[in-house]
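See structure below.
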Amino acid sequence: MTSSNIVRPYGDTTGDGMVQLSFTLPVPHDKRAEGAAAQLARKMGIDPALVVHAKPMGPDYTFFVVYGSSNHLVDLDQVEVLERDYPLLQPKEVNLAIRRSLRRRLVVVGGCIGTDAHTVGIDAILNIKGFAGEKGLEYYRELRVVNMGAQLSVPRLVARAKQENADAVLVSQVVTQRDAHILNTKEMSAAFREAYPADRRPLLIIGGPRFDEAMAPELGVDRVFGRGTTPGEVASYLVSALIPSERIPA
């Protein structure tokens, strides 16, 4: 192993280990609260830890920003990530693959389930305006997109997927308090497995900023997409998952 595989955080100068973190403690704002914040930061490996910001959040809570040097290192050889395991296709390649293989339009049903009203993520993927300079799935001629919007109940989503003969279901979850995104996703995946025979269930795809892409088996879905995902990545995945590889344009 070479030294270049071991890295430290960068703040003012290379390798100084300086980091900044924020958190809230359930204590009123006073000197003792600031001492508690510094103590917590030291236990997290930041030493010295400097409380650079403290603000009361009501009478019983305080929000802190702490700055200091972390004594932890990162071994890049030990970092595990889920790499994209399918080719990234252009829209015309996606359309051609679907037309050749399915001889019909591929149907995608999407929305936000539970109490989640944050449609920015699902709209960025589904709506024609898209995201990051890419057109959304509505732009693809061979995709038929049904965007059901926000605050969907799981039974309603399942019923619409059946009605539309959906090939894939895309769900976005932004609300994460008390792991709502985890619970909602597990409820959704269980409902689809109960409602469909195993060989007829649509592809289940979940996305949101707080999901770990490696969580798909735990959540009972086929794929998890995290922050920064583009419509082109989702369209390419749909093709790779639903169409035999020999029918995908080289």
Side-chain angles (χ1 to χ4, degrees), residues 1-86 88 114 116 118 120-121 124 131-132 171-186 205-230 233-234 237:
M1 180 183 296
T2 64
S3 59
S4 62
N5 291 327
I6 304 297
V7 298
R8 296 189 69 192
Y10 174 96
D12 299 317
T13 59
T14 302
D16 62 10
M18 300 302 287
V19 298
Q20 179 174 291
L21 71 152
S22 61
F23 52 86
T24 301
L25 291 179
V27 292
H29 178 220
D30 56 18
K31 287 292 186 181
R32 190 174 75 126
E34 295 191 11
Q39 181 188 108
L40 175 62
R42 286 194 295 270
K43 289 183 176 181
M44 297 170 68
I46 300 175
D47 193 11
L50 178 64
V51 178
V52 296
H53 177 74
K55 182 178 180 180
M57 305 292 288
D60 300 318
Y61 296 85
T62 307
F63 172 77
F64 299 96
V65 176
V66 178
Y67 185 68
S69 179
S70 172
N71 55 35
H72 295 298
L73 304 175
V74 175
D75 183 351
L76 297 180
D77 289 335
Q78 300 299 317
V79 175
E80 296 182 3
V81 295
L82 183 65
E83 298 285 359
R84 176 165 52 82
D85 54 359
Y86 55 89
L88 195 59
D116 202 324
H118 299 77
V120 173
F131 169 71
V171 168
S172 173
Q173 289 282 265
V174 175
V175 174
T176 60
Q177 286 88 344
R178 298 184 180 181
D179 286 338
H181 60 310
I182 302 294
L183 299 175
N184 288 342
T185 301
K186 288 183 176 180
I205 303 171
I206 190 76
R210 289 281 297 278
F211 284 108
D212 182 337
E213 294 180 345
M215 294 174 65
E218 173 190 343
L219 297 174
V221 299
D222 297 289
R223 191 78 179 193
V224 174
F225 286 107
R227 65 186 183 281
T229 299
T230 65
E233 290 177 295
V234 177
Y237 172 70

- request: Look at the side chain of Asp30 and the backbone N and O of Ala33, then say whether any donor-acceptor pair between them is shorter than 3.5 Å.
  value: yes

Margin query: Keeping Thr185 on the side-chain end and His181 on the backbone end, is there a donor-acceptor pair under 3.5 Å?
Written below: yes

Rounding to 0.5 Å, atoms CG (Leu183) and CD (Gln173) come to a distance of 10.0 Å

In short, Ala49 meets Ala41 closest at the heavy-atom pair CB-CB, 3.7 Å

**Asked** If you count the non-hydrogen atoms of other residues, nucleotides and ligands that lie under 6.0 Å from CZ in Phe63, is the total more than 12?
**Response** yes

Hits for salt bridge (Lys or Arg N to Asp or Glu O under 4.0 Å) against Asp12, two or more places apart or cross-chain, chain-then-number order -> none

To the nearest 0.5 Å, atom CD of Gln20 lies from atom CD1 of Ile46 at 10.0 Å

Can Asp85 and Arg223 be counted as an ion pair, charged N to O under 4.0 angstrom? yes

- Task: Would you tell me whether Glu34 and His29 have side-chain atoms, one donor and one acceptor, within less than 3.5 Å of each other?
- Result: yes

Look only at the side chain of Glu218 and the backbone of Met215, and say whether a donor-acceptor pair between them is shorter than 3.5 Å. no

Sorted by chain and number, sequence neighbours left out, side chain to side chain contact (heavy atoms under 4.5 Å, CB included) with Leu73 holds for Ile6, Arg8

Sequence neighbours excluded, the answer for side chain to side chain contact (heavy atoms under 4.5 Å, CB included) partners of Met18 is Asp16, Tyr67, Ser69

Interatomic distance, OH@Tyr86 vs OH@Tyr237, rounded to 0.5 Å, equals 8.5 Å

- request: Using atom types as modelled and distance alone, determine if a side-chain donor or acceptor of Asp116 lies under 3.5 Å from a backbone N or O of Val174.
  value: yes

- Between Arg178 (side chain) and Ala180 (backbone), is there a donor-acceptor pair under 3.5 Å? no

**Message:** Set out, in order, the CA-CA distance, both residues' side-chain angles and the distance that settles side-chain contact (heavy atoms from CB on, under 4.5 Å) for His53 and Val66, then state yes or no.
**Reply:** CA-CA 7 Å; His53 177 74; Val66 178; over 6 Å; no

- Message: Taking the side chain as everything from C-beta on, heavy atoms only, tell me whether Val224 gets closer than 4.5 Å to Leu219.
- Response: yes

Side chains of Val234 and Thr229, heavy atoms from C-beta outward: is any pair under 4.5 Å?
yes

### Query
Take atom CZ in Arg210; do more than 12 heavy atoms of anything else shown fall under 6.0 Å from it?
no

CE (Met57) and CG (Leu25) are apart, to the nearest 0.5 Å, by 12.0 Å

Of all heavy-atom pairs linking Tyr61 and Pro26, the shortest is CD2-CA, 3.5 Å

Closest non-hydrogen atoms of Ile182 and Phe211, given as atom of the first, atom of the second and distance, are CD1-CE2, 4.3 Å

- Test side-chain contact (heavy atoms from CB on, under 4.5 Å) on Ile206 and Phe225 and set out the steps. CA-CA 6 Å; Ile206 190 76; Phe225 286 107; over 6 Å; no

Smallest heavy-atom separation, Asn184 atom then Gly114 atom, equals ND2-CA, 4.1 Å

Next on the checklist: Do Val81 and Glu213 make a side-chain contact, defined as non-hydrogen atoms from C-beta onward lying under 4.5 Å apart?
Outcome noted: no

Check: Would a 4.5 Å heavy-atom cut-off, applied to side chains only, mark Thr62 and Lys55 as touching?
Finding: no

Find out whether Val74 and Val79 are in side-chain contact, i.e. whether some heavy atom of one side chain is under 4.5 Å from a heavy atom of the other. yes

